[in-house]
There are 2 protein chains.
Amino acid sequence: MTTRERPTLEAVARRAGVSRATVSRVVNGSTTVAATIREAVNRAVDELGYVPNQAARSLVTQRTDSVALILPETANRVFSDDLFFPAIIRGVGMELEAADKQLVLMMTGSEAGHHRVERYAVAGHVDGVVFASIHGADPLPGALARRGIPVICSGRPMTAEPPVPYVDVDHAGGVAAAVRHLITTGRRRIATIAGPQDMVAGIERLAGYTGTLRAAGLPELVVTGDFTRESGIAAMRALLDRDPDLDAVFVASDLMAHGALMALREAGRQVPADVAVIGFDDFEISRYSDPPLTTVRQPIGEMGRTLARQMLLLINGDEIPESVVLPTELIVRDSA
Amino acid sequence: MTTRERPTLEAVARRAGVSRATVSRVVNGSTTVAATIREAVNRAVDELGYVPNQAARSLVTQRTDSVALILPETANRVFSDDLFFPAIIRGVGMELEAADKQLVLMMTGSEAGHHRVERYAVAGHVDGVVFASIHGADPLPGALARRGIPVICSGRPMTAEPPVPYVDVDHAGGVAAAVRHLITTGRRRIATIAGPQDMVAGIERLAGYTGTLRAAGLPELVVTGDFTRESGIAAMRALLDRDPDLDAVFVASDLMAHGALMALREAGRQVPADVAVIGFDDFEISRYSDPPLTTVRQPIGEMGRTLARQMLLLINGDEIPESVVLPTELIVRDSA
DNA sequence: TTGTACGCGTTATCAT
DNA sequence: ATGATAACGCGTACAA
């Protein structure tokens, strides 16, 4: 608990027998410094254990070299067995680390947390804010952007003013490929377990399903879940209840698809003989489900890395496109 | 992307027709300000959307009002289905939020990440650092403490200089109660699946097992896991291999205990008829396992809250005890 | 009760 | 190549 004095630039300068300016140059890697002096300064830095004061530095540079990643969820949900957030975090973290930026993780399930995040960012604690997912018409991204803070979202925001740049995957394309695969393989009563309709991912995947079925002139059957395994179980039961003869189901997330698999087994249905199942995500575990899950792969890690890269560009003052859409891909295994 | 000028104290002062000092007083809630002036200032603050610059403020106050929570793990592990970290994070987060401090989450699985954390903290980005778990003789807590940065650990650190205050649970007591329960109910060949031996939690739980069995003059049988479900499965298989006649097993974590349950079923053993199983943690899911798990409850959420409270005291300059040890409790259900 | 003036530790501009 | 010196935006003695 020795609240020992932290050495300042001044102290290092005295010890090395130079001016503050020179020490600053050395610390920041300027090339216009004589080798001998540089060495003396570095020695003094080491001996004193000098580390630049971030507040003082930020005050003049207007930068903090750290980026906030906002998870608009409670810790409960972030740390559930859903692997979406971990993958995003890992992707963002890797790219940021490579750029020598610090990642500041913030969870804001509550309204109050929301406000805290806004103040935190506006106060200049971070150089930019990455949103890992958006619920409904969350005003926060727009509010921050309006303040001149670099913002980027994962998934197209539902609000539009000001437009906030985003990175997303081709939900509709992936779903269309999945549903077409079902149709091509002879399925005719194709239901869906949709995701939450307050999130763009949920909405667009449902739209992909609806659009493709309509184009094929086939009937629609929709039940909504919330991306969790439990909701998948409940939704599958509801579907079987409403149409015992359905022969396929497109499920908007792998986790829900696993739930659906469980419910189908419980109901005595064979997969894929009786009912074909296709998920969305392509989590690692989906390769080992029983049967292995046919699913639409979305590149979540790549999405995280892209988010970070776009953020770094923004911070750097570069122009970036309003959206980057990553491709999805149908992975055919045994369930459909 | 409008990098609009952020209003400063000066701007607010001009608008409100007062001095900077007065605005500062209002913003920081000083009582020695006339009501009418306070109102005028607040109006100016709102109109301009003024938010104090954190860097400038920190520079003079030497505080940032944020606390780092270090998870010395990779994102993989933090976001696995182990519910230890989520519970800690929630506990720390709640208490910090109540104190109006911001939680900064940092994962440092790698060596480089370790170094980044040190610089981050020493640079004064946060007022204090909470460690959510410690591996081996991690020098980081000590290094930070030596720098005069408030530090507190979850679990007794294995290094001792300088001593870093910690919050822990009574591992040995809980384990002893569990093992005695097994002995009392007639078990004689009591094995254990221990936790990783580079962590105090793993070491002390094993010590509790060993000590109790020795005192009772019973044989020991130890296999080590890493707290994951998979390692529990493997360890249980190994135990059955080494002693097919064992009649009880104390498992150092609930997750591993669930793995053990699976392996026992796979081997055709009845629980608890053939083999009694006791876990450690008392996660919610353990109430619903088959059979419901007898386990040692450790108050993880309370641990998180205590960590935060102690940290707040440290930041406040108060003295705190070198350790706080929370009680554990044997929860008897059906598996033993 | 309000204002003046100084200092927090850096970086950056300008001389030298 | 190096050294004064002026910001950066704020809190707070101290003075009024």
Side-chain angles (χ1 to χ4, degrees), chain A residues 3-42 44-45 48-66 119-120 122-125 127 147-148, chain B residues 3-42 44-45 48-65 119-125 127 147-148:
Chain A
T3 310
R4 88 174 44 189
E5 299 281 307
R6 289 229 325 252
T8 82
L9 211 53
E10 178 71 39
V12 177
R14 263 201 308 274
R15 178 154 195 133
V18 297
S19 73
R20 288 202 319 253
T22 299
V23 177
S24 178
R25 288 188 189 102
V26 172
V27 168
N28 292 293
S30 164
T31 52
T32 70
V33 150
T36 64
I37 294 207
R38 173 195 316 280
E39 210 165 311
V41 169
N42 279 328
V45 165
L48 268 47
Y50 169 76
V51 173
N53 177 308
Q54 181 58 40
R57 178 176 269 181
S58 292
L59 189 54
V60 42
T61 61
Q62 310 275 39
R63 292 179 310 107
T64 65
D65 291 325
S66 55
R119 278 191 70 88
Y120 191 79
V122 173
H125 242 302
D127 296 340
R147 290 283 203 154
Chain B
T3 310
R4 89 174 43 190
E5 297 282 307
R6 289 227 329 249
T8 87
L9 211 51
E10 178 72 38
V12 178
R14 264 202 308 275
R15 178 156 196 130
V18 297
S19 74
R20 287 203 325 251
T22 299
V23 177
S24 176
R25 290 188 187 101
V26 172
V27 168
N28 291 295
S30 164
T31 53
T32 71
V33 141
T36 64
I37 294 207
R38 173 196 315 279
E39 211 164 310
V41 169
N42 279 328
V45 165
L48 268 47
Y50 170 76
V51 173
N53 178 307
Q54 182 58 39
R57 177 177 268 180
S58 291
L59 191 52
V60 40
T61 62
Q62 308 276 39
R63 291 179 311 107
T64 65
D65 292 326
R119 279 191 69 90
Y120 191 78
V122 173
H125 240 305
D127 296 339
R147 289 285 203 154

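Chain naming here is simple, since letters A, B, ... match the order of the sequence lines and numbering starts at 1 in each. Because the structure is predicted, anything quoted here is derived from the model rather than measured.
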Can you tell me if A:Asn28 touches the phosphate of C:dT11, counting only side-chain N or O atoms and a distance under 4.0 Å to OP1 or OP2? yes
Mind checking the CG-OG spacing from A:Asp65 to A:Ser58? Nearest 0.5 Å is all I need. 7.5 Å
What nucleotide, of C:dT10, D:dG9, D:dT2, holds the atom closest to the side chain of A:Val33? D:dT2
Nearest whole angstrom, please: distance from the C1' of C:dA5 to the CD of B:Glu10. 13 Å
What I want to check is whether an N or O donor and acceptor connect the side chain of B:Arg25 with the base of C:dG3 at under 3.5 Å. yes
Side chain of B:Arg20, base of D:dG11: donor and acceptor closer than 3.5 Å? yes
Any donor and acceptor pair, going by atom type alone, linking the side chain of A:Arg147 with main-chain N or O of B:Gly49 inside 3.5 Å? yes
Indicate whether OP1 or OP2 belonging to D:dG11 is found under 4.0 Å from a side-chain N or O atom of B:Thr61. no
Rounded interatomic separation in angstrom, taking CD from A:Gln54 and P from C:dC8: 19 Å
Return the value, rounded to whole Å, for the distance between atom CG of A:Asn53 and atom P of C:dG7. 18 Å
Let me know, please, whether B:Leu59 or B:Ser19 comes out on the 5' side of the other along DNA chain C by nearest nucleotide. B:Ser19
Output the rounded distance in Å from CD1 (B:Ile37) to P (C:dG3). 6 Å
Which of these nucleotides, D:dT2, D:dG9, C:dT10, is closest to any side-chain atom of A:Thr8? C:dT10
Under 3.5 Å donor-acceptor, B:Arg6 side chain and A:Val122 backbone: yes
Looking at the side chain of B:Val60, which of C:dC8, C:dT11, D:dT2 is the nearest nucleotide? C:dC8
Roughly, in whole Å, what's the span from CG in A:Leu9 to C1' in C:dC8? 13 Å
Tell me which of B:Ala21 and A:Tyr50 sits closer to the 5' end of DNA chain C, going by the nucleotide each one is nearest to. B:Ala21
Counting only side-chain nitrogens and oxygens, does B:Ser24 get under 4.0 Å of the OP1 or OP2 atom of D:dG11? yes
If I take atom CZ in residue B:Arg57 and atom P in nucleotide D:dT12, what distance separates them, rounded to the nearest angstrom? 9 Å
For B:Thr32, report the nucleic acid contact type (base, sugar-phosphate, nothing); a contact means any heavy atom under 4.0 Å. base
What is the separation between atom CG on A:Leu48 and atom P on C:dG9, rounded to the nearest whole Å? 14 Å
base_contact_polar (D:dG11 base, B:Arg63 side chain, donor-acceptor, <3.5 Å): no
Please say whether more than 12 non-hydrogen atoms of neighbouring residues, nucleotides or ligands are located less than 6.0 Å from CD in B:Glu39. no
C:dT2 C1' sits how many Å from B:Arg38 CZ, rounded? 13 Å
With no hydrogens and no angle check, is any side-chain donor or acceptor of B:Arg25 less than 3.5 Å from a backbone partner on B:Ser30? no
